[in-house]
There are 2 protein chains.
Amino acid sequence: MVTDCKNCWLRKQPVFLSMSEDELVFMHEFKTGELEVDAGATLMLEGSNSPQLFTVLEGMGLRYKTLEDGERQVISFVMPGDFIGLQAGVMQEMQHSVESTTPMKLCVFDRRSLWRLFKDHPERAYDLTWLAALEEHFLGEHLAVVGRMPAEQRLATGILRLYDRAVSLGLTEGPWMKLPYTQKDLADALGLSVVHTNKTLKRLRDRRIVNWKNGDMEILDYDRLSEMAHVDPAEGMRQRPLI
Amino acid sequence: MVTDCKNCWLRKQPVFLSMSEDELVFMHEFKTGELEVDAGATLMLEGSNSPQLFTVLEGMGLRYKTLEDGERQVISFVMPGDFIGLQAGVMQEMQHSVESTTPMKLCVFDRRSLWRLFKDHPERAYDLTWLAALEEHFLGEHLAVVGRMPAEQRLATGILRLYDRAVSLGLTEGPWMKLPYTQKDLADALGLSVVHTNKTLKRLRDRRIVNWKNGDMEILDYDRLSEMAHVDPAEGMRQRPLI
DNA sequence: CGTTCCGTTGATCTTAGTCAAAGGGGGTGG
DNA sequence: CCACCCCCTTTGACTAAGATCAACGGAACG
């Protein structure tokens, strides 16, 4: 069964459209299976050479790099629709690790079929490259956040991006979204210490802008949050076009 | 004439091999011309939708983003062999700006021919995606540097990467390389202030590790530099495989 | 119940940012 | 040819943002 692949990048249609017959056939050609993992599983290990590539169907995770001194830099938050393992597919080995934060359901591809994809399905190959360019864009944004913003703005920007992305994936309920990460995860993404992250979050809470508790993020004042992030409120929505 | 395209990614061979006859024919099919620009030219503007894509043949430049408050984050240093404009080619518009720091010579492609490339030349499309994955890798590295390293280590790592890359492109003469950027450029890349960058550079100079003067970078003690960057000296070379 | 992991808070310290001023070319126009 | 200016570098003095250290509370779990 492949009907669960609602969010897979191999589909050209947005998430909310139904899947056509030849899309189903197409998916069967590449998909080698589905994988379900528990929270805390390592999907890709830095330096390894995974034979499998994944598309996230459900659940959330983290991409990160570990430095020599044990410090960790979170590269990005993994959400449904994300492709995992392009580097392993196209270069020799992964340059970062990926791990699940919640239980996840993944669509599995064989790495060797990637070349067949380029050969026989140029539009899908194009989509894949588009996805890589998109990822590159988000990394660039992230770099600017970490490199040039003060703590409060980093938090605001980070939370805003997570929320906007969840909105575009239909993962929100009004002002609520599931945010299963720890404050350490967020701190490691934003280049801050946990303590300072905690104190800055408290300020946002006291000012009734966001409320993050027990894995649930509530956006109390979207406009003020956008303002703090110095981002046009409407712009966020435009940034991650539907896949 | 296309024989100048020594460093173009459309070639599958490493730089130092000569170009075969059908590679020449192939390049003619896609190349629309060559562009020479002065130092300080803006090749791509954030938010714009350039109809042209480039491969760098000669010269060096900068990719950067400008924040609302005027701060600038340098995303990466542009060197020969780099592809410019994938985002414009594949997404709606560029998400960062690119400008020349020295005079540059560029190989120009038409954006619309990108699709034709995917359709008719899957190996080249694959190469392009490989290049995108490589770029993503370097961005991830860069993020970890900016997010998690103290100033001295950032400098060491940054300089080391620049030098290693120059080595793999054959742009060094022994311990020397041309590094035409300002200290502000480097500071904006590493997420530091100019003043602090300057003082940290002074320390490296005093300790006879590097000597950067008038656009010429001299690596006096490669081993100590690697040590400061907490990187295995040999590893740097492996990181950017020949294109 | 103890242990562990995570969040919270206060006190203290350090790194890096800001401000300010001076020096050094290189280019341009008088 | 000189003077002025602009841009970049260098250096010192001061400030502030954020890191580190330490301790405690609470929830989950064996």
Side-chain angles (χ1 to χ4, degrees), chain A residues 38-40 62 67 69-74 99 101-103 145-159 178-207 210-218 228, chain B residues 38-40 62 67 69-74 99 101-103 145-159 178-207 210-218 228:
Chain A
D38 291 337
L62 285 176
L67 307 198
D69 59 358
E71 290 279 10
R72 183 182 68 153
Q73 174 68 44
V74 169
E99 96 179 27
T101 303
T102 65
V145 168
V146 171
R148 281 286 172 244
M149 289 183 181
E152 201 167 272
Q153 199 183 347
R154 290 193 210 181
L155 263 299
T157 310
I159 292 169
K178 289 274 171 216
L179 199 64
Y181 305 103
T182 64
Q183 295 189 359
K184 183 85 172 59
D185 293 335
L186 193 55
D188 284 346
L190 298 176
L192 298 169
S193 68
V194 213
V195 175
H196 199 63
T197 302
N198 180 287
K199 287 172 180 171
T200 309
L201 275 170
K202 177 182 165 58
R203 253 179 290 145
L204 295 189
R205 209 181 316 127
D206 290 347
R207 283 190 259 156
V210 303
N211 199 358
W212 182 21
K213 196 144 258 179
N214 303 322
D216 290 312
M217 173 69 81
E218 182 183 12
M228 287 179 58
Chain B
D38 290 337
L62 285 176
L67 308 198
D69 59 0
E71 290 281 10
R72 182 182 70 151
Q73 174 67 45
V74 169
E99 96 180 24
T101 303
T102 66
V145 169
V146 171
R148 281 284 170 247
M149 290 182 181
E152 202 169 270
Q153 199 182 349
R154 289 193 213 182
L155 263 298
T157 310
I159 291 169
K178 289 273 172 215
L179 198 64
Y181 304 103
T182 65
Q183 295 189 1
K184 183 85 172 61
D185 293 334
L186 193 54
D188 284 346
L190 298 175
L192 298 168
S193 68
V194 213
V195 174
H196 199 63
T197 301
N198 180 286
K199 288 174 179 170
T200 308
L201 276 170
K202 177 182 166 57
R203 254 179 289 146
L204 296 187
R205 209 182 315 126
D206 290 347
R207 283 190 258 158
V210 303
N211 200 358
W212 182 21
K213 197 145 258 180
N214 301 324
D216 289 313
M217 172 69 80
E218 183 184 10
M228 288 180 58

Whole angstrom is fine here: how far is it from [atom1] in [X] over to [atom2] in [N]?
X        : N      : atom1 : atom2 : value
A/Lys213 : D/dG26 : NZ    : C1'   : 12 Å
A/Lys184 : C/dT8  : NZ    : P     : 16 Å
A/Gln153 : D/dA17 : CD    : P     : 14 Å
A/Leu179 : C/dC6  : CG    : P     : 15 Å
A/Trp212 : C/dG7  : CH2   : P     : 7 Å

Look at [X] and [N] and indicate whether a side-chain polar atom (N or O) is within less than 4.0 Å of OP1 or OP2.
X        : N      : value
B/Lys202 : D/dT10 : no
B/Gln183 : D/dT10 : yes
B/Asn198 : D/dT9  : no

Report summary line: Contacts of B/Asn211 meeting side-chain hydrogen bond (donor to acceptor under 3.5 Å, both in side chains) (sequence neighbours excluded), chain-then-number -> none
Query raised in the report: Quick one: side-chain hydrogen bond (donor to acceptor under 3.5 Å, both in side chains) partners of B/Glu152, sequence neighbours excluded?
Result: B/Arg203, B/Arg207
Short N/O separations, protein against nucleotides 12-19 of chain C, under 3.5 angstrom:
{"from": "C/dA16", "atom 1": "OP1", "to": "B/Ala151", "atom 2": "N", "distance (Å)": "2.8"}
{"from": "C/dA16", "atom 1": "OP2", "to": "B/His196", "atom 2": "NE2", "distance (Å)": "3.4"}
{"from": "C/dG17", "atom 1": "OP1", "to": "B/Ser193", "atom 2": "N", "distance (Å)": "3.3"}
{"from": "C/dG17", "atom 1": "OP2", "to": "B/Ser193", "atom 2": "N", "distance (Å)": "3.1"}
{"from": "C/dG17", "atom 1": "OP2", "to": "B/Ser193", "atom 2": "OG", "distance (Å)": "2.9"}

Query raised in the report: Does the A/Arg148 side chain pair with the main chain of B/Glu71, one donor and one acceptor, at a distance under 3.5 Å?
Result: no
Query raised in the report: Is the backbone N or O of B/Trp212 less than 3.5 Å from a side-chain atom of B/Glu218, with the two atoms forming a donor-acceptor pair by type?
Result: no
Query raised in the report: Passes side-chain contact (heavy atoms from CB on, under 4.5 Å), B/Gln153 versus A/Leu67? Steps please.
Result: CA-CA 12 Å; B/Gln153 199 182 349; A/Leu67 307 198; 5.6 Å; no
Within-4.5 Å side-chain heavy-atom neighbours: [X] and [Y]:
X        : Y        : result
A/Thr182 : A/Val194 : no
A/Leu204 : A/Ile159 : yes
B/Asp216 : B/Lys178 : yes

Would you give the length of the straight line joining atom [atom1] of [X] to atom [atom2] of [Y], rounded to the nearest 0.5 angstrom?
X        : Y        : atom1 : atom2 : result
B/Asn198 : B/Leu192 : CG    : CG    : 12.0 Å
A/Leu186 : A/Leu201 : CG    : CG    : 6.5 Å
A/Arg205 : A/Thr200 : CZ    : OG1   : 11.0 Å

Check nucleotides 23-28 of chain C against the protein and report each pair of N or O atoms closer than 3.5 Å, with its distance, or say if there are none.
none

Query raised in the report: Taking it one step at a time, do B/Tyr181 and B/Val74 satisfy side-chain contact (heavy atoms from CB on, under 4.5 Å)?
Result: CA-CA 11 Å; B/Tyr181 304 103; B/Val74 169; over 6 Å; no
Report task. Considering non-hydrogen atoms only, spot the tightest contact between B/Arg72 and B/Asp185 and give its length. Result -> NH2-OD1, 2.7 Å
Query raised in the report: Quick one: bend of the helix from C/dC1-D/dG30 to C/dG30-D/dC1 from 5 pairs per end, to 10°?
Result: 30°
Identify all pairs in which a protein N or O lies below 3.5 Å from an N or O of nucleotides 28-30 of chain D, and state each distance.
none

